[in-house]
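Here the structure is a predicted model, which is why all the values come from computation and not from measurement.
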Amino acid sequence: MANVLITGSKGQLGSELRELLIAEKTHNYLFTDIAQLDITNKQAVKSFVTSNNVDAIINCAAYTAVDKAEDEPQLCNLINGVAPGILADIAAENNALLIHISSDYVFDGNTPVPHREDSAVSPRSIYGRSKLAGEIAIKSSGCEYIIIRTSWLYSIFGNNFPKTILTLSSERELLNVVYDQIGTPTYATDLAKIIIEMLKRNFEPSGNILTCGIYHYSNEGVCSWYDFALAIIRMGKTDCKIVPVTSDKFPSKAHRPRFSVLDKEKIKTLMGIEIPHWRDSLKEFFLKINDNE
């Protein structure tokens with residue numbers, strides 16, 4: 001039985017992992033957030049990992065306020081760039097596996113071709129540069145690592161695009177949503193299940209151990225934010241009208257990739273998995289919301 005540290009356990013992905021793992025007895029799970037463990041404090045991380053004999057770390061902690069990051073570059077880089085390096089260094093010292101979540105924002109989004117794991121990175125925002133810094137720190141640490149780049153993450157937990165659209169659509173008759181930013185939503189429950197499967201393969205005797213490296217994961221399919229909002233409105237059965245507009249109608253401090261579709265052939269081939277289409281996962285999201293009401 002492995003001791004598994006999960007950081008950022010109160011965020012979207014961390015909460016999904018907690019919900020899926022809370023009754024599981026396969027491993028010993030240590031759920032932490034900043035109140036229990038400040039991952040920017042190297043001594044605190046070292047003490048926690050050694051005293052708890054941690055065998056694996058799943059880093060779900062992140063600074064995710066993309067626009068605000070332009071005004072708080074040091075804090076953003078501390079959490080997204082420096083802290084992953086601290087976790088990686090401690091993981092290396094303790095022969096622990098590190099699973100880290102990165103982002104489609106490491107790409108500039110100027111190429112209309114799905115991004116592979118080995119595609120050239122060129123982040124255009126403080127947030128994107130901080131996520132790339134985290135990747136680089138992990139790779140240079142010498143630890144056993146799996147970096148998962150994902151995109152457009154949402155969950156029944158926390159704040160995210162579907163929940164915002166549902167709230168606004170109940171208050172307004174019309175919403176303008178950009179149609180010229182293309183990507184793929186990721187249902188956090190699906191990503192959490194993949195992470196659990198990765199743990200299983202690396203720590204169970206019969207597991208097919210995954211090679212260290214970077215993997216891409218999002219749901220299948222491609223859409224714009226407008227397409228996504230339209231699907232949310234229809235599944236949510238609200239009368240709000242969604243109007244497609246260009247990005248210049250919503251000036252923002254941070255650059256957002258125009259095309260950030262992730263190529264997932266590597267993870268599908270090596271893990272032998274089928275990934276749900278984003279529309280099917282959105283239906284599951286609504287079922288979960290209805291069950292919790």
Side-chain contact, heavy-atom cut-off 4.5 Å: [X] with [Y]?
X	Y	answer
I58	I195	yes
K264	R116	no
I147	I99	no

- So, W152 versus F161, ring centres under 6.0 angstrom or not? no
- Query: Is the distance between the ring centroids of F228 and Y154 less than 6.0 Å?
  - Reply: yes
- Item | Hydrophobic cluster membership, L199 vs I273, 4.5 Å side-chain cutoff | yes
- Message: Do L166 and V177 land in one hydrophobic cluster if side-chain heavy atoms of ILVMFWY residues count as linked below 4.5 Å?
- Response: yes
- Item | Salt-bridge contact R256-D108 (side-chain N to carboxylate O under 4.0 Å) | no
- Would you call R201 and E197 a salt bridge, taking side-chain N to carboxylate O under 4.0 Å as the test? yes
For atom [atom1] of [X], is the number of surrounding heavy atoms from other residues, nucleotides or ligands below 6.0 Å larger than 12?
X	atom1	value
E144	CD	no
K163	NZ	yes
N52	CG	yes

- Query: Would K266 count as a cation-pi partner of Y215, with NZ or CZ less than 6.0 Å from the six-membered ring centre and within 45° of the ring normal?
  - Reply: yes
- Using the salt bridge (charged side-chain N to carboxylate O under 4.0 Å, His left out) rule, take K288 and E284 through it: C-alpha gap first, then chi angles, then the decisive distance, then the call. CA-CA 6 Å; K288 207 168 185 179; E284 293 298 318; over 6 Å; no
- Flag for N219-S281: side-chain donor and acceptor within less than 3.5 Å: yes
- Message: If we ignore hydrogens and angles and just use 3.5 Å, is the side chain of E70 paired with the main-chain N or O of I126 as donor and acceptor?
- Response: yes
- Message: If we ignore hydrogens and angles and just use 3.5 Å, is the side chain of D55 paired with the main-chain N or O of A96 as donor and acceptor?
- Response: no
- Should the ring pair F107 and H216 be called parallel, tilted or perpendicular, given that the plane angle runs from 0 to 90° and is split at 30 and 60? perpendicular
